[in-house]
Amino acid sequence: QLQLVESGGGLVQPGGSMRLSCVTSGFTLDYYAMGWFRQAPGKEREGISCIDARAGTYYEDSVKGRFTISRDNAKRTVYLQMDSLKVEDTGVYYCVANVACPQYPDTWRTPAASWGQGTQVTVSS
């Protein structure tokens, strides 16, 4: 059974940093692309970053230059390092397995993806 468990969320002030972790089990992480989505209050869920099996990465403009996605297959874990956080980054962040990494903005496809339960990130002064 595929499982994704996010952790690392919490309260942080604007301009601060936070690292999210996604511990995976039940599948061979090495061969699959992984992504992070988020859902802000009153907004639709949106894809923000993706990392493929060869460690190639993709970022939407909203987080590009501030967030970094990475993977450690030996630890079966995917990370999202978030720097220079803004109030607009507030939301529930979801780890996604078997996502199709976009090649262009807003072209996310998740027909066979699996989702974690999410972790809350609150950016507030």
Side-chain angles (χ1 to χ4, degrees):
Q1 182 177 358
L2 190 155
Q3 291 185 327
L4 307 172
V5 181
E6 301 99 330
S7 64
L11 176 65
V12 64
Q13 296 190 31
S17 297
M18 183 174 288
R19 188 175 80 160
L20 306 182
S21 298
C22 172
V23 178
T24 74
S25 62
F27 69 105
T28 304
L29 178 61
D30 307 51
Y31 306 125
Y32 291 91
M34 301 288 294
W36 287 94
F37 280 59
R38 69 183 180 187
Q39 187 165 20
K43 303 291 186 179
E44 293 186 349
R45 190 175 299 183
E46 61 174 345
I48 55 172
S49 187
C50 193
I51 184 166
D52 64 28
R54 292 179 290 189
T57 58
Y58 173 85
Y59 302 92
E60 293 289 351
D61 288 344
S62 59
V63 305
K64 188 176 180 63
R66 299 187 299 117
F67 290 11
T68 304
I69 190 170
S70 62
R71 63 193 296 155
D72 187 335
N73 293 335
K75 295 183 178 180
R76 303 188 61 82
T77 303
V78 179
Y79 303 96
L80 185 68
Q81 177 67 44
M82 305 183 294
D83 299 319
S84 301
L85 282 162
K86 305 175 180 179
V87 173
E88 306 92 272
D89 294 319
T90 293
V92 180
Y93 283 68
Y94 299 89
C95 180
V96 189
N98 200 31
V99 66
C101 288
Q103 293 184 313
Y104 308 98
D106 300 316
T107 58
W108 294 87
R109 295 185 293 111
T110 58
S114 297
W115 301 76
Q117 292 300 304
T119 184
Q120 175 71 43
V121 173
T122 302
V123 185
S124 176
S125 59

Please report the closest heavy-atom contact between T77 and S21, naming both atoms and the distance.
CG2-CB, 4.3 Å
Closest non-hydrogen atom pair, G8 against T119:
N-OG1, 4.4 Å
Please answer whether the main-chain N or O of A100 pairs with a side-chain N or O of R109 as donor and acceptor at a distance below 3.5 Å.
no
If you link ILVMFWY side chains whenever their heavy atoms are less than 4.5 Å apart, which other residues fall into the same cluster as M34? By chain and number, please.
L2, L4, V12, M18, L20, F27, L29, Y31, Y32, W36, I48, I51, Y59, V63, F67, I69, V78, L80, M82, L85, Y93, V121, V123
Donor-acceptor pair, distance only, cut-off 3.5 Å: does the side chain of E46 make one with the backbone of R38?
no
Indicate the atoms forming the closest heavy-atom contact of A33 with C101, along with that distance.
CB-SG, 3.7 Å
Under a 3.5 Å distance rule, please check whether T107 uses its side chain to pair with a backbone N or O of P102 as donor and acceptor.
no
Any donor-acceptor N/O pair, Q117 side chain to V5 backbone, under 3.5 Å:
no
What one should report as the nearest heavy-atom pair of C50 and V99 is SG-CG1, 3.5 Å
So E60 and W108, side chain to side chain contact (heavy atoms under 4.5 Å, CB included) or not? Walk me through it.
CA-CA 10 Å; E60 293 289 351; W108 294 87; 2.7 Å; yes
Between S49 (side chain) and Y58 (backbone), is there a donor-acceptor pair under 3.5 Å?
yes
Donor-acceptor pair, distance only, cut-off 3.5 Å: does the side chain of Q81 make one with the backbone of T68?
no
Can you tell me how far CZ of R71 sits from OG1 of T57, rounded to the nearest 0.5 angstrom?
11.5 Å
Nearest 0.5 Å please: distance from the CZ atom of R19 over to the OG atom of S70.
7.0 Å
Are any side-chain N or O atoms of D52 and backbone N or O atoms of A55, one a donor and one an acceptor, separated by less than 3.5 Å?
yes
To the nearest 0.5 angstrom, please state how far the OG atom of S125 sits from the CG atom of L11.
9.5 Å
